Amino acid sequence: MRMTQPLEAYIDDYDILTVYMAKNFFSGESNKFYLKDSKGVISPLSLIEKSASATEIYTKYRLRLKEEFRVGEEYTLFEEHCRTTIVQYGHIVKTDRFYETYTDTISDLGCYYLPERTRFRLWTPVASDVSVVLHDADGKDSFYPMKRKKQGVFEITIPGDFLGYKYQYLIKRNGEIKSISDPFSPFSGPNGKYSVVDSMDLIKKPKKSELPAMKSYCDAIIYEANIRDMTSMPNIGVKHPKTFKGFVEENETTIAKQTGFSYLKSLGVTHVQLMPVFDFGSVDEENPDIYYNWGYDPMQYRALEGSYCTNVYDHRCRIEEFVELVEKLHEAGIRVNLDLVFNHVYVKEKNDLDQLAPNYFFLINEQGSLSNGSWCGNDIDTRAPVCREYFLRTCRKIIEWFDVDGFRFDLMGIIDIDTMNKIRTMAQEIKPDFMIYGEGWNMPSFVPEHLRASQNNQALMDRIGHFSDSFRDAIRGSNGDLPDKGYAAGNYNKLRDMSKVLSAELNRYSSPEKVINYVECHDNHTLWDKNHVACMGEGHEIRMKRQALANAIVLLAQGVPFIHCGQEFGRTKQNLGNTYNLSDMYNMVNYNRKDEMLYLVEEMKKLIEIRKTRSCFRLSTLEEITKQVTVTEMDDKVCVYTCEDEHSKCMSFFNPSPIEYTYNFTTEYVVIFDNGNKNNGYVYQVKIAPYSTVVVEQKK
């Protein structure tokens, strides 16, 4: 942010300096400006432009230096009253020339450990000096100046065995010395205070489990869960609650009570999508029970969150326990997708990436204003070459280190199309059925609309999925308007939308793989809490049936079904929406509620099995859907959804009304699902109970 001090100076191009003088500082007037470098050489600056309006409290000067600025040099500005200020590196870091000159795409940055030596390598082109500080077990500090190499990289190799040493970098730039942890390291101390010398080659990797290959994303059934929430309820048999270890803990108690991992395994889902597991700043890792947060406040992109491990002071603990988590989920036949937050950071000014080259990693205009499409005060700039390469390599390392199976990108519309396509290509070269999807909302960032990885540009991103707000609004109703009903809540006006969303929105997306169908996620009110308002006046039993109806539509529609943890039993956040920082009381998975609504859970299990065993609900191309899916209606209320493949033809009836209907067939079908309990066995006619779903099948 500019214009906060009486006198400021910014290098905005290789020969351009912008100066701001407050009008209460010599009336904002100066006729002469000089520049002094670190060797004491003084150079005059010539005036290009001077501007100030009557309403502005600053006078702005654009000045030219006869010789070009030397990137990495420290400069001091003098003006005619002999007042001085340290010159800041400004918009120069966003110029094409800077991008081309300081683009390191070869070096493996960070700490590289061998028993006989350790190499440290850091990209920080605007720094004048960089040192690495090693802290031994006795607390003694050793300082090692690093040497500047090409493309803004500083490097040093130190002989000796430094395994387990804590370290930080000291970066001198813009007249300040900043101490940072290593943004390229997975080994972190509590709250990112320091990094640790170690190697992922010394860490056990997840044991490989052979999982059946997915032919398309449509084979997936995604279940969103939070590490902490799954085991924060007391007395569920978990010895290490709220941790990676506790997430996959299983014993006689969890099996008997069907809690935690035992419950998760019973559902039959194919993928668990974990809410952020990489280091976030909104929970004190040394006192994790004081604060609660979902984790959408990124600090370190390669270090896992310390509050989720059983010993935050052991830098390997969080890694080893997460490795165990992935391994056990894979052994249970469940793939692991990670929620990545690549659109903003927790606090920009304190973020390690920003210290490397202030503003380089962020979307910012020439006036110094930050893009705020994320509504978090800053937006990451993935078009900056080193920034793009950093996140691309981070994704590769996460896959190689942890053997995960997919990425969900938070506010993906702030990331650019090219970056997303590169991530997808890289990931699927490693794992062909790796999933890539995210929130494709068209966020108002500084990225031009035609370059945003939003659903508006989905045709430019092959095999990248988007959460379907059309599906959500058709079935659930508006997120922002709680009384607004969706089709499952009895809004028959949404019946016309059912034809589109059950058919994977043929007119909007170029592939059903791109359509993530959901009615509930961690954000906003749960479906149960929304319907508490939207269906006010209806009894508990009817609302339970409406919950089941919405769940059935999610699981049977073409596209990719997405289920929020607890949605299957009417999860409640006590009628609150975004409980991201409230407490475990509002966010924990309540297994008592699961027991009270057990028949809803059992219904979802049946629907999951139907989807997994009938490929007609998982058609993978628009051509197949066009030929093999039809949607009709009865009495402007009941939706009749037919899909078929070479093996069978299935008809699904969704009835959100209080009326019972009858449907006659010309040939015999078998009833495979009926939560209205009106039909069973082979039939030529079905009765469709109020607020129910019926599915029948005819084998070919």
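On a predicted model such as this, the values are computed, not experimentally measured, just so you know. Because only heavy atoms are used, hydrogens play no part in the values below, and waters and symmetry mates are left out as well, while side chains stay in.
Salt bridge status for Asp229 with Lys242: absent, with no side-chain N to carboxylate O gap under 4.0 Å. Salt bridge Lys178/Asp354: absent, no basic N to carboxylate O contact under 4.0 Å. Look at Arg393 and Glu389 and you find a salt bridge, because one of the NZ, NE, NH1 or NH2 atoms lies within 4.0 Å of a carboxylate O, short of that distance.
Side chain of Asn457 to main chain of Ala453: no donor-acceptor pair is present (N/O by atom type, distance under 3.5 Å, no hydrogens or angles). Not one N or O on the side chain of Tyr292 forms a donor-acceptor pair closer than 3.5 Å with the backbone of Thr579. Using a distance-only test at 3.5 Å, with no hydrogens or angles considered, a donor-acceptor pair links the side chain of Asp12 to the main chain of His91. Under a 3.5 Å cut-off, the side chain of Asp416 and the backbone N or O of Thr419 do form a donor-acceptor pair. Formation of a donor-acceptor pair under 3.5 Å by the Glu321 side chain with backbone atoms of Thr310 is found in this model. Looking only at distances, a side-chain donor or acceptor of Gln428 sits under 3.5 Å from a matching main-chain atom of Phe434. Lys149 contributes no side-chain N or O that, together with a main-chain N or O of Val153, makes up a donor-acceptor pair within less than 3.5 Å. In this structure, Ser369 contributes its side chain and Asn365 its backbone to no donor-acceptor pair below 3.5 Å. Panel note: side chain Ser468, backbone Asn517; no donor-acceptor pair is recorded below 3.5 Å. A donor-acceptor contact shorter than 3.5 Å is absent between the side chain of Glu505 and the backbone of Ser510.
Here the two rings, on Phe322 and Trp401, have centers that are 6.0 Å apart or farther. Checked against the 6.0 Å centroid criterion, the rings of His522 and Tyr296 qualify as a close aromatic pair.
Sorted by first and then second residue, the side-chain hydrogen bond (donor to acceptor under 3.5 Å, both in side chains) pairs involving residues 430-443 (not counting sequence neighbours) are Gln273-Tyr437, Arg335-Asp433, Asn337-Tyr437, Asp403-Lys431, Asp405-Lys431, Arg408-Glu439, Glu439-Trp441, Asn442-Glu449, Asn442-Arg452. For residues 418-429, the salt bridge (Lys or Arg N to Asp or Glu O under 4.0 Å) pairs, not counting sequence neighbours, are Arg424-Asp462.
Applying the side chain to side chain donor-acceptor pair (under 3.5 Å) test to Asp198 and every residue at least two apart in sequence or in another chain returns His315, Arg316. Residues passing the side chain to side chain donor-acceptor pair (under 3.5 Å) test with Ser478: none are found, sequence neighbours excluded. Judged as a salt bridge (Lys or Arg N to Asp or Glu O under 4.0 Å), and not counting sequence neighbours, the contacts of Lys328 are Glu324. The side chain to side chain donor-acceptor pair (under 3.5 Å) check on Asn581 picks up nothing, with sequence neighbours excluded. Arg396 is linked by a salt bridge (Lys or Arg N to Asp or Glu O under 4.0 Å) to Glu400, counting only residues two or more places apart in sequence or in another chain. For Lys207, the salt bridge (Lys or Arg N to Asp or Glu O under 4.0 Å) test picks out Glu331, with sequence neighbours left out. Remark: Ser511 engages no residue in a side chain to side chain donor-acceptor pair (under 3.5 Å) (not counting sequence neighbours). Take Ala459 and apply the side-chain contact (heavy atoms from CB on, under 4.5 Å) test, not counting sequence neighbours, and it matches no residue. Residues satisfying the side-chain contact (heavy atoms from CB on, under 4.5 Å) test with Pro448, not counting sequence neighbours, are Arg383, His450, Leu451. For Lys397, the salt bridge (Lys or Arg N to Asp or Glu O under 4.0 Å) partners are Asp108, not counting sequence neighbours.
Counting heavy-atom neighbours within 6.0 Å of Lys348 NZ, excluding the residue itself, gives a total above 12. No more than 12 heavy atoms of other residues, nucleotides or ligands sit less than 6.0 Å from atom OH of Tyr580.
Rounding to the nearest 0.5 Å places OG of Ser185 at 14.5 Å from OH of Tyr112. How far NZ of Lys514 is from CZ of Arg463: 11.0 Å, rounded to the nearest 0.5 Å. A distance of 12.0 Å separates SG in Cys376 from CG in Leu370, rounded to the nearest 0.5 Å. Remark: His271 NE2 to Ile221 CD1 distance equals 10.0 Å, nearest 0.5 Å. Note that CG of Asp182 is 5.0 Å distant from OG of Ser195, once rounded to the nearest 0.5 Å.
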- Item | Residues Arg571, Thr526; criterion side chain to side chain donor-acceptor pair (under 3.5 Å); working and verdict | CA-CA 7 Å; Arg571 183 174 180 173; Thr526 66; over 6 Å; no
- Intermediate values then yes/no, side chain to side chain contact (heavy atoms under 4.5 Å, CB included), Ser188 and Arg318: CA-CA 9 Å; Ser188 177; Arg318 62 185 83 186; 4.0 Å; yes
- Stepwise, does the side chain to side chain contact (heavy atoms under 4.5 Å, CB included) test hold for Tyr169 with Val133? CA-CA 6 Å; Tyr169 296 111; Val133 187; over 6 Å; no
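When every heavy atom of Tyr217 is checked against every heavy atom of Gly465, the shortest pair comes out as CE2-N, 4.5 Å. Across every non-hydrogen atom of Cys111 and Tyr167, the tightest pair is CB-OH, 3.2 Å.
Considering Lys205, Lys204, Lys208 as possible partners of Glu327, the one that fulfils the salt bridge (Lys or Arg N to Asp or Glu O under 4.0 Å) test is Lys204. Each of Asp381, Val447, Asn343 was scored for a side-chain contact (heavy atoms from CB on, under 4.5 Å) with Ile414, with one residue passing: Asn343. Paired with Phe467 under the rule ring pair (Phe, Tyr, Trp, His ring centres under 6.0 Å), one option of Tyr518, Tyr509, Phe409 passes, and it is Tyr518. None of Phe184, Phe280, Phe278, Phe342 except one satisfies the ring pair (Phe, Tyr, Trp, His ring centres under 6.0 Å) rule with Tyr301; the exception is Phe342. Looking at Val554, Val269, Ile222 one by one, the single match for side-chain contact (heavy atoms from CB on, under 4.5 Å) with Pro561 turns out to be Val554.
The cationic group of Arg2 lies under 6.0 Å from the six-membered ring centre of Tyr10 and within 45° of the ring axis, placing it in a cation-pi geometry.
Counting heavy atoms from C-beta outward, Leu274 and Leu338 have side chains that approach closer than 4.5 Å. For the pair Asp297 and Trp294, the minimum side-chain heavy-atom distance is 4.5 Å or more. Side-chain contact between Val196 and Tyr194: present, with at least one pair of heavy atoms (C-beta onward) separated by less than 4.5 Å. In this structure the side chain of Ser371 never reaches within 4.5 angstrom of the side chain of Phe362, judged on heavy atoms. Between Val345 and Ile380 the shortest side-chain heavy-atom distance falls below 4.5 Å. Two residues are said to be in side-chain contact when any heavy atoms from C-beta on lie closer than 4.5 Å; Met230 and Val589 meet this criterion.
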